[in-house]
2 protein chains.
Amino acid sequence: MLKELSERKKRILHALVDLYISTGLPVSSADIQSKYLPEVSSATIRAELSALEALGYIEQPHTSAGRVPLKDAYKFYVDSIDGSNASNMLTDQETAFIRDNFFGRLGQIEDLSKEAAKIISDVTNYTSFVVDQSQGENVVIDEIKLIPLKRGKAVVLIVTDKGMIADKAIDVKEDVKSEYIDAAGRLLNKVFAGKTIEDIKHFDVSEIDAEIKGFKDIFDEVLGILRMYISEHSSDNVFVEGALKMLDYPEYQNIDDAKQFLSVISDKDAVSEIILDDDNSIEFTVRIGKEDSGVDKCAIITAAYKVGDEVQGKAGVIGPERMDYKKVISVLDYVKKMFSSVLGRDKLPDPFDDEE
Amino acid sequence: MLKELSERKKRILHALVDLYISTGLPVSSADIQSKYLPEVSSATIRAELSALEALGYIEQPHTSAGRVPLKDAYKFYVDSIDGSNASNMLTDQETAFIRDNFFGRLGQIEDLSKEAAKIISDVTNYTSFVVDQSQGENVVIDEIKLIPLKRGKAVVLIVTDKGMIADKAIDVKEDVKSEYIDAAGRLLNKVFAGKTIEDIKHFDVSEIDAEIKGFKDIFDEVLGILRMYISEHSSDNVFVEGALKMLDYPEYQNIDDAKQFLSVISDKDAVSEIILDDDNSIEFTVRIGKEDSGVDKCAIITAAYKVGDEVQGKAGVIGPERMDYKKVISVLDYVKKMFSSVLGRDKLPDPFDDEE
DNA sequence: TTTAGCACTCTAACCCTTTGACTGCTAACA
DNA sequence: TGTTAGCAGTCAAAGGGTTAGAGTGCTAAA
């Protein structure tokens, strides 16, 4: 199906997508001729367009209209940029903006993900998302801290190799001694430290039943917190920004489409399903017009960010099919580097101060 | 301005608002006559409508159209229900739904607020909000805990009389001794314990400059966390549900209005500003067509929920002016009771089990 | 193979007319 | 004096016809 096109056909197809991306209007042979191929006549281009239409790359909304790209045309277009030097599409201001915002935020992976989503949306003007997968099932519990407060409360801190995953206040009996809490803490560490989330899932309480007798209440609370984390965490690590920006594009001037889009995008489970269902090993994914997801008429560009060889999460953009792919890919590429840099303390191309 | 209307004018005005609420279309004299006042002719009603128009209650979109209610008409309409027995508007299913959902959730005030917002939106089919004010500026800091972790990190816990307000990981130098952390903790408590959030706002660092010398880094981090809390917390306790439901109403079929509405409603600061700027002492507020807030064309109904005499927060609905006021007021009234009941452990009209 | 020229097609915009839903007014009536 | 029936007047919305113009496909010549 993807038969090799002649060089001129390629140029024409590329020009057509380019024009359509910037205007959103059907592209005529004259447009292409005047702005991209002045050396041939519009009649020639018309003939080529006819051929491209027969090949299924483009179509006419009606007989006397220009051509509009179809999925294959976008795919062709995306392929033609992916290989090239994407990141120099960004202006110096833009890279500076991204970098400054990225390093302005220290700290938690959550803040970082959220910030990244905001940055991507700000720079591209499309809806963006970040799914953080770093806190997955192979997070190892380093330590559990039990800190007694006043009034019969205590705080449980669960510290992992990737940071903190939970901090909840629980009730303990008002009159409990601090030695008791300490003992409970030691027991909890004995039981949980070194285990992964995956381990906890299949955890069998009866095995250690005898030991925990005296600390049943506290033990159950902690187990409850861990279980909660396992069941709820999947939606906690999805960050969507700029959902309303989609309404600026003519594709979404129809209120029903807009509503459909917004309701999908504000459902974090749905978002994470859409994002995560493609192959983890591919660094860039571009999907155009995904019908079954509830966000048809959309293109989704995803980049996996890694530390070393391990995928830590995905960041991406969701926008109209007619999207500024070059820019989006450039931005995602740069953000990807930022992520690797911050998370893995790699060297960055630009000099900056960040001590470990 | 609120001159007393004749009984017939009242009936006609009430009928007109009723009809307009259910259809959303301008109401003609014949509509009112056939469905509400068959004993007089449409001509008579026309004469009355003319009078009501002169009084500023209603208007015609254009000469040959029916009448549409203006703000005063809605106010009149709302007044006419507020006094009556509002809560029997709800079906048994509805009260059961509210009650079950309310008590199904135990626990944190945040979960409760969020759940309440969801319930209100589900039952009324409008956008709802809950603002929790129980964690205001007179929260007293009980204690600050500094807990050292591995790898040069430490956790700061700020405990208040109302619960925990912050728990952030901070960096400390890798080689710092635990005595140092303890000392820093003692200093922090000396400085902050017993103070309110309000106090912190006007806190003058220079006063205690000498003492904190050795702990400057940690001290600054904690102060940063507190400042962050002060500046950001106002948006943490605003819960909005069902924002997209507004798009179902014909008033918001225009994409620009919809966008305007959504952008206001998804900005929590803006929401809390809109909600909180009216008098705290009034238990029910109905505002119709608030121009300056960015959500004109909307009516906002707010109920303050209390424990004892103290306002704990506000819950409400934001919807088209043409809103089912009776139902909304009934729902809010019932939710109000639920809140008082759960938070204050009052007695409820219905029997249910809730042990202290 | 490319090009210029031309006839053809189809949408979008515009204007004009018609329709029908209301009202306001008036004259008659209780 | 208040109410009503009847009727003329008004206006928005819908329908229909025309025009303008943007673009194409085709053809014949270069």
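Below, each value reflects all heavy atoms present in this structure, side chains not excepted, and no hydrogens, waters or symmetry copies. Reminder, nothing fancy here: chain letters follow the sequence lines and each chain counts from 1. Because the structure is a prediction, the values reported are computed rather than measured.
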Proximity of A:Phe261 and A:Tyr252 rings by center, below 6.0 Å: yes
Under 4.0 angstrom between A:Arg67 side-chain N/O and D:dG25 OP1 or OP2: yes
Matching residue for B:Met323 among B:Val78, B:Ile301, B:Ile318 - test: side-chain contact (heavy atoms from CB on, under 4.5 Å): B:Ile301
Sugar-phosphate only, base, or nothing, as touched by B:Glu39 at under 4.0 Å among non-hydrogen atoms: sugar-phosphate
Distance in angstrom units between B:Ile58 CD1 and C:dG24 P, rounded: 9 Å
Within-4.5 Å side-chain heavy-atom neighbours: A:Val17 and A:Tyr325: no
Spacing between A:Gln60 atom CD and D:dG25 atom C1', to the nearest angstrom: 9 Å
Nucleotide of D:dG23, D:dT4, D:dT3 approaching A:Asp31 most closely (side-chain heavy atoms): D:dG23
Candidates C:dC22, C:dG24, D:dT24 - which lies nearest the side chain of B:Ser28: C:dC22
Nearest-angstrom distance from the residue atom CG of B:Leu16 to C1' of C:dC22: 14 Å
Distance test, side-chain N/O of A:Thr63 to OP1/OP2 of C:dT9, below 4.0 Å: no
side-chain N/O A:Thr44 vs C:dT2 OP1/OP2, d < 4.0 Å: no
Minimum-distance nucleotide (side-chain atoms of A:His62 versus D:dT24, C:dC10, C:dT23): C:dC10
Integer-rounded Å distance: D:dT24 P and A:Ile45 CD1: 10 Å
A:Ser29 side chain near D:dT24 phosphate (N/O to OP1/OP2, under 4.0 Å): yes
N/O (side chain, B:Arg8) to phosphate O (OP1/OP2, D:dT3) under 4.0 Å: yes
Nearest-Å distance for atom pair CG/C1', residues A:Leu25 and D:dG21: 14 Å
Between C:dT3 (C1') and A:Leu37 (CG): distance, integer Å: 15 Å
Gap between atoms CZ and P, on B:Arg46 and C:dA21 respectively (whole Å): 15 Å
Residue-phosphate contact under 4.0 Å: A:Ser50 side-chain N/O, D:dG25 OP1/OP2: yes
Donor-acceptor pair between B:Ser121 and B:Lys245 side chains, under 3.5 angstrom: yes
Earlier contact from the 5' end, DNA chain D, for B:Ser42 and A:Ala43: B:Ser42
Donor-acceptor pair between B:Asp18 and B:Tyr77 side chains, under 3.5 angstrom: yes
hbond_proxy B:Ser64 side chain to C:dC22 base (donor-acceptor, 3.5 Å cutoff): no
Gap between atoms CD1 and C1', on A:Ile12 and D:dT24 respectively (whole Å): 15 Å
